[in-house]
Amino acid sequence: MSGPAAGTADAATTTDVVCLGESMVTFLPSQPGRLADVPSFGRGIGGAESNVACALAAAGHRAAWVGRVGADGFGDHLVETIASYGVDTSAVRRDPVRPTGIYFRTATDRGTDTHEVAYYRAGSAASAMSPDNVPYEDLLAGRILHLSGITAALSADCLALLRGLTAARPGRPLVSFDVNHRPHLWRGGDADASVLLELARRADLVFVGEDEAEEAWGIVGAEAIRAALPEPAVVVVKRGSAGATVFSGLRPGPRSSNAGGAGNAAGGAGFDPDTVTLVPALRVDVVAAVGAGDAFAAGFLSATLRGLPVRERVRHGHLMAAAVLTVPGDLTDPPARDHADRLAALDDDAWGRLRLGPGWTAADRAPEEVRTP
C-alpha cells in the first residue's frame, strides 16, 4: 500500500521541496586527533536542511534552500557551493551585520566520546531569521516544505518562524519535520523537549530517531513514539542498524485546505489507520558517519515525490544514506535513479544480502553484482 504523496498540481513548474535552515562553513580536519592537535583543516559546508536540498537536487528534483548568511566570504562560499548542486538559492538573504556561522569537528564518529565539535554560530545571520524577514511566499511555493528542530533552537525569532510555518493554513504544502535534537544548541531547561514535540505534532511527515526520542522525551520504542505523535500522517522512526519503522494512516482532521495538493494528499491517501511498515537497514562499509540522517530524509522525500510505496520510500532513504556513509563528507552524488530503483525493488532476501562499500554509487551494475559478503 502506498503512502501519502506530495501534490502534483503544476508539477512541471513548481518547486518540489523548499528547505529552510542554517547552513555553515565546516572545517574538516586533515588528520585524526583532538582539535587541539590537528594542524590544518579543509573547508566544506554543513547544514541539515541544505544537505537535504543538495541531495534532492542531485537526484533530479527541483529543490530550493532558504536561509540567511552574512555579507562575507563564508556566506559567498555557502551560497555558491549549494547552488552548484542545482539548488535554487534565490531566496537566501544576506545580513549586513551578523556573520555566517562556522564550525570545526574532529574526524572521529560523532557517536563516540572522542568526537569534538566547536561551533561558532551564536549571533549568526541565520539566528536572526524571523517571520518578519523570511519570504513566506518562497517558503510556501513548493510541494513539500522541509524543516528541522535545529532551526527552532537558534533563537526565539527562529522558533516563532517555525511555529508560523507549521500552523494550519489554506494552501500549506506538505510539511516535513526532522526532529534533529541537538541538546547543545538549546538554552537550558526542558524547553527543547516540549518545543520539538509541539512542532512535530503540527507536521504532516516526521523523521525521528529512537535514540533522540528517548533523550528528548524519555519515550522508548517505536510504538510509544507514534502514540506521542498522533497527528502526523506519516511518522518515520529511525532505528539505526535495525532499520526504520514507518507509521502511516488517516489522521483526524485536515492539516490544510490545499485541495489536490500536498496537504490534501497527506490526509486522504486511503490508508487504514496506522499501517506499520518495517524496513531493515543495509549493511554498509562506513567511511564517515556524518550526514546520513539528512541523506535518509532526502531519499525518503524523493520517493514520496514520485508516489512510491512506503517500503520503497524507506529503501531509497537507506540507499541515499549509504551513499553518504561511504564517502568522507556530508554530501555526495546519489546513485543513478534506475540503479537505486533496481536495488529498492529487490526481494527481502536479496535486500538482506546487500553490502555496500565505497564507490558503489558509481557502478551501474545489476543488483546481483552489488557487493555481497
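- Under the 4.5 Å side-chain criterion, counting only non-hydrogen atoms from C-beta, Phe177 is not in contact with Asp204.
- Between Tyr119 and His184, the ring-plane angle classifies as parallel under the 30° and 60° cut-offs.
- A salt bridge between Asp285 and Arg355 is present, with a side-chain N of the basic residue lying under 4.0 Å from a carboxylate O of the acidic one.
- Judged by distance alone, with hydrogens and angles left aside, the side-chain atoms of Ser50 form no donor-acceptor pair with the main-chain N or O of Ser23 at under 3.5 Å.
- Linking Ile, Leu, Val, Met, Phe, Trp and Tyr residues whenever their side-chain heavy atoms come within less than 4.5 Å leaves Leu305 and Val87 in two separate clusters.
- Counted by atom type alone, Asp157 and Ser155 present zero donor-acceptor pairs between their side chains at under 3.5 Å.
- Proximity of a side-chain donor or acceptor of Asp16 to a complementary backbone N or O of Ala63 within less than 3.5 Å is not detected.
- In this structure, Asp347 does not pair ionically with Arg311, as no charged nitrogen and carboxylate oxygen lie closer than 4.0 Å.
- With a 4.5 Å cut-off on side-chain heavy atoms, Met129 and Val66 do not count as touching.
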- request: Give the intermediate values and the outcome of side-chain contact (heavy atoms from CB on, under 4.5 Å) for residues Val92 and Trp65.
  value: CA-CA 7 Å; Val92 176; Trp65 172 62; 3.5 Å; yes
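- The ring pair (Phe, Tyr, Trp, His ring centres under 6.0 Å) contacts involving residues 301-326 comprise Phe296-His318, where partners must be two or more places apart or lie in separate chains.
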- prompt: Given the rule in the side-chain contact (heavy atoms from CB on, under 4.5 Å) test, do Phe247 and Ile225 qualify, once you have shown the distances and angles that lead to the verdict?
  reply: CA-CA 10 Å; Phe247 298 88; Ile225 293 170; over 6 Å; no
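- Salt-bridge check for Arg94 with Asp76: passed, with a basic side-chain N closer than 4.0 Å to an acidic carboxylate O.
- A continuous path of hydrophobic side-chain contacts links Ile45 to Ile102 [ILVMFWY only; heavy atoms under 4.5 Å].
- A donor-acceptor contact shorter than 3.5 Å is absent between the side chain of Trp217 and the backbone of Glu212.
- Within the 4.5 Å cutoff, no side-chain heavy atoms of Glu312 are placed close to those of Arg306.
- Linking Ile, Leu, Val, Met, Phe, Trp and Tyr whenever their side-chain heavy atoms come within less than 4.5 Å puts Phe27 and Ile82 in one cluster.
- A distance-only check finds a donor-acceptor pair linking the side chain of Arg93 to the backbone of Ala91 [under 3.5 Å].
- More than 12 heavy atoms of other residues, nucleotides or ligands sit less than 6.0 Å from atom CZ of Phe104.
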- request: Any chance you could lay out the side-chain contact (heavy atoms from CB on, under 4.5 Å) test for Arg43 and Val25, step after step, and finish with the verdict?
  value: CA-CA 7 Å; Arg43 186 179 65 177; Val25 172; 3.5 Å; yes
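- Taking 4.5 Å as the limit, every side-chain heavy atom of Val175 sits out of range of all side-chain heavy atoms of Leu165.
- In this structure, Val284 is not a member of the same hydrophobic cluster as Val287, with clusters built from ILVMFWY side-chain heavy atoms closer than 4.5 Å.
- Not counting sequence neighbours, the partners of Asn180 by the side-chain hydrogen bond (donor to acceptor under 3.5 Å, both in side chains) test are Arg182.
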